[in-house]
Amino acid sequence: MMRYSEMFLPTGRETPSDAEVASHQLMVRAGMIRKLTSGIYSYLPLGLRVIRKVEQIVREEMNRAGAQEVFLPAAQPSELWIESGRWEMYGKELLRFKDRNMRDYCIGPTHEEVITDLVRNEIQTYRQLPRNLYQIQTKFRDEIRPRFGVMRCREFGMKDAYSFDADESGAEESYRKMFDAYTRIFERCGLGFRAVEADSGSIGGSFSHEFLVTADSGEDGMVYCIACPYAANLEKAEIPRPEAVKADPSTFLPVEEVHTPNVRTIEEVCAFLSCKPGDVVKTLLFSCDGKPVAVLIQGEEEINEIKLKNYLNAGVVELATDDVVLEVTGAPKGFAGARGIKCRIIADYSLINMKNFVMGANREDYHLKNCNFGRDFKVEAFADLRMIKEGDTCPRCGKDIRFARGIEVGHVFKLGTKYSKAMKATFLDRDGKEKLMIMGCYGIGIGRTAAACIEQNHDEEGIVWPVPLAPFHVVVTPVNINDGRLMEAGERLYRELTEAGLEVLFDDRDERAGVKFKDADLIGIPWRVTLGPKRIEEGKGEVRNRKTKSVEAMPLDGIAAFLKQEVASALDI
RNA sequence: CGGGACGUAGCGCAGCCUGGUAGCGCACCUGCCUUGGGAGCAGGGGGCCGUGGGUUCGAAUCCCGCCGUCCCGACCA
């Protein structure tokens with residue numbers, strides 16, 4: 001039971017100028033969050049209630065799946081991160097600081113190191129495995145560019161779970177349990193989502209799935225097959241190797257060096273030489289852990305840096321600087337080509353059947369025509385290095401694919417022995433041999449889940465909470481608090497609803513009806529009971545559904561039972 | 001880190017170009033009136049104009065530095 005007049009719930013009529021997406025605007029307007037500084041937010045009572053709802057669903061499903069809750073430190077000593085190798089690898093996202101003794105620490109962006117340290121000290125035998133431990137903690141990642149409010153911020157609440165198994169099949173079972181738990185969690189939250197194959201990123205490991213809440217405002221792209229279950233993150237989506245047709249060297253035309261003054265981009269090259277992007281080979285120079293690598297790709301395709309990084313098994317992959325381009329090719333950027341280049345050369349599958357193509361000449365203001373593999377240069381290998389695009393087909397079954405956008409709310413990883421090996425998390429197996437524990441890790445963004453829910457559930461008036469995440473189930477709105485009959489009925493209803501197990505907000509403010517209606521719609525409470533002078537004479541109140549906007553006059557003494565039933569069925573999955 | 005913009009009352013903004021010590025809407029306080037979709041009238045409170053320096057008789061306004069915030073980019077040679 002909560003009286004609106006006493007609640008800290010500052011709503012706003014105006015859209016905050018720094019908020020771009022609906023969820024951010026509405027969370028601020030509805031009095032859920034306030035920004036402290038870039039990427040760091042305070043949760044107000046209404047926002048916190050929603051966060052608690054998400055957390056509770058997560059807790060119940062994690063417990064159901066056999067995981068146990070712990071609470072790990074946010075501040076972590078550098079020693080553990082040095083041991084895992086991530087003190088160097090993690091980069092600027094890791095917020096580091098020193099204590100009074102000048103020892104290095106970080107604020108945990110994730111907790112593999114801490115949990116692995118804990119478990120290696122306490123688990124010695126296969127009899128103590130498997131174990132799955134989770135926590136709900138505040139993480140800190142010093143994002144390059146925080147945006148979209150609570151969706152991409154620096155300090156954020158996350159549930160993270162870690163599984164430890166004695167063997168591969170056990171690890172796969174643990175992974176499957178988490179996958180199933182995540183599916184239940186997001187279903188219970190009332191979200192439309194899709195689990196897609198994903199890259200494992202800096203967390204590392206062998207394979208993973210992302211759970212994406214479908215939304216056009218989402219930052220992640222995905223593809224999915226119209227015919228089979230294949231679905232993948234854009235960065236992960238595979239492209240099969242095309243069938244190679246053996247090229248006949250007798251059809252190779254002689255190489256021609258062409259003067260192409262100030263012609264650099266693929267567009268300019270095509271215009272100047274009147275050819276198609278499909279006739280041009282783009283030579284991209286990357287610095288891979290500091291070493292230059294030339295990557296060849298067809299003119300109109302895009303390199304997928306994640307694929308490149310994985311193929312090269314590199315830590316850091318970035319486009320080479322102008323200086324490096326000059327050093328390796330002997331020409332300024334815009335004229336790089338594979339012939340005579342002084343570094344490794346790899347090529348994308350898109351080039352596998354190309355011949356007599358155009359390429360940079362490694363000489364300022366010159367390009368080459370009629371280049372050919374083998375004759376003019378050799379590539380180390382052909383690989384899947386490009387971004388999937390419209391027109392590509394499903395890598396599994398060959399049928400059409402669709403593109404969509406989503407918000408990453410959950411991610412499950414099979415880590416393997418990456419951390420147990422680096423940090424020596426071992427156990428003694430049945431056969432008396434010391435073995436590495438096989439790990440998995442599983443994250444859910446709590447605040448992001450709430451924000452994603454708003455992206456999917458709002459209208460012109462405000463948020464439309466699905467019952468499971470709603471901060472309150474019902475708002476009771478006497479239209480005029482100076483009318484004793486309305487207030488008396490309101491108090492009684494408020495008591496009855498609360499006794500029926502519902503979460504009720506009683507709008508006892510001395511405000512005009514219109515103000516109360518606007519606020520109720522804005523904060524998105526699923527049900528509103530309006531008490532007005534006309535209906536009260538008949539012993540009735542009006543029950544309004546926020547989502548459908550349908551209104552039904554109902555005898556006061558039947559409202560609690562009706563809403564109890566409605567809410568219960570909405571919570572049941 | 002590169003580019004752009006913006007910092008003036010709790011919020012949204014004007015004023016700056018053309019220097020003369022600050023204004024509008026919402027919100028807030030008091031009173032009257034009103035009471036089913038963000039009412040009306042009257043009165044009122046609130047601002048080192050981000051910060052430090054400079055120019056000037058005089059700076060929110062012009063110049064320089066710094067800090068902060070937001071947007072775009074940081075993959076196409």
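Here is the naming used below: chain letters follow the sequence lines, and residue numbers restart at 1 for every chain. Quick caveat: nothing in here was measured; it's all calculated off a predicted structure. FYI, side chains are in, hydrogens and waters are out, and symmetry mates aren't considered; it's all heavy atoms of this structure.
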Legend entry - Phosphate OP1/OP2 of B/C26: any A/R13 side-chain N/O under 4.0 Å: no

Name the pairing partner of [N], where a pair is Watson-Crick or G-U wobble with both distances under 3.5 Å, or state none.
N	answer
B/U69	B/A5
B/G52	B/C64
B/G58	none
B/A22	none
B/C76	none
B/A42	B/U30
B/C16	none

Can you measure [X] atom [atom1] to [N] atom [atom2] for me and round it to whole angstrom units?
X	N	atom1	atom2	value
A/L36	B/C70	CG	C1'	17 Å
A/Q25	B/C70	CD	C1'	14 Å
A/D507	B/G37	CG	C1'	13 Å
A/E537	B/G36	CD	C1'	15 Å
A/D142	B/C1	CG	P	12 Å
A/N480	B/U35	CG	C1'	5 Å
A/D510	B/C29	CG	P	11 Å
A/R152	B/C70	CZ	C1'	17 Å

NA contact type, [X], heavy-atom cut-off 4.0 Å: base, sugar-phosphate, or nothing?
X	answer
A/K534	nothing
A/G360	nothing
A/R528	base
A/R386	nothing
A/T477	nothing

Inset, instruction - Measure the acute angle between the ring planes of A/F373 and A/F357, then classify it against the limits of 30° and 60° as parallel, tilted or perpendicular. - result: tilted

Legend entry - Which nucleotide in B/C70, B/G37, B/G38 has an atom nearest any side-chain atom of A/V515: B/G38

Inset, instruction - Choose from B/G36, B/G68, B/G38 the nucleotide whose nearest atom is closest to any side-chain atom of A/V479. - result: B/G36

Inset, instruction - Give the B/S/- string for nucleotides 72-77 of chain B, one per nucleotide from 5' to 3', where a protein heavy atom under 4.0 Å of the base yields B, of only the sugar-phosphate yields S, and otherwise -. - result: B-BBBB

Inset, instruction - Scan nucleotides 4-12 of chain B nucleotide by nucleotide, 5' to 3', and note B when protein non-hydrogen atoms come under 4.0 Å of the base, S if they reach only the sugar-phosphate, - if neither. - result: --------S

Legend entry - A/K282 NZ to A/L296 CG distance, which is reported to the nearest 0.5 Å: 11.5 Å

Legend entry - Check: A/G330 main-chain N/O paired with A/N362 side-chain donor or acceptor under 3.5 Å: no

Inset, instruction - Tell whether A/E542 reaches the base of B/G36 with its side chain through a donor-acceptor pair below 3.5 angstrom. - result: yes

Inset, instruction - Spell out yes or no: do the side chain of A/D519 and the base of B/G38 have one donor N/O and one acceptor N/O closer than 3.5 Å? - result: yes

Legend entry - Spacing of the C1' atoms in B/U56 and B/G40 (rounded, Å): 49 Å

Legend entry - B/U61 and B/G20, which share atom name C1', separated by this distance in whole Å: 11 Å

So with a 6.0 Å cut-off around [atom1] of [X], is the heavy-atom count from everything else above 12?
X	atom1	value
A/E88	CD	no
A/E267	CD	no
A/D216	CG	no
A/E257	CD	yes

Legend entry - side-chain contact (heavy atoms from CB on, under 4.5 Å) partner of A/V196, the single match among A/K236, A/E408, A/E210: A/E210

Legend entry - Side chains of A/S217 and A/E455, donor plus acceptor under 3.5 Å: yes

Inset, instruction - Determine, for A/K389 against A/E301, whether the closest basic-nitrogen to carboxylate-oxygen distance falls under 4.0 angstrom. - result: yes

Legend entry - Lys/Arg cation over aromatic A/F156: A/R448, 6.0 Å, 45° cone: no

Inset, instruction - For A/N482 and for A/K92, locate the closest nucleotide of RNA chain B by heavy-atom distance; then report the residue assigned to the nucleotide nearer the 5' terminus. - result: A/K92

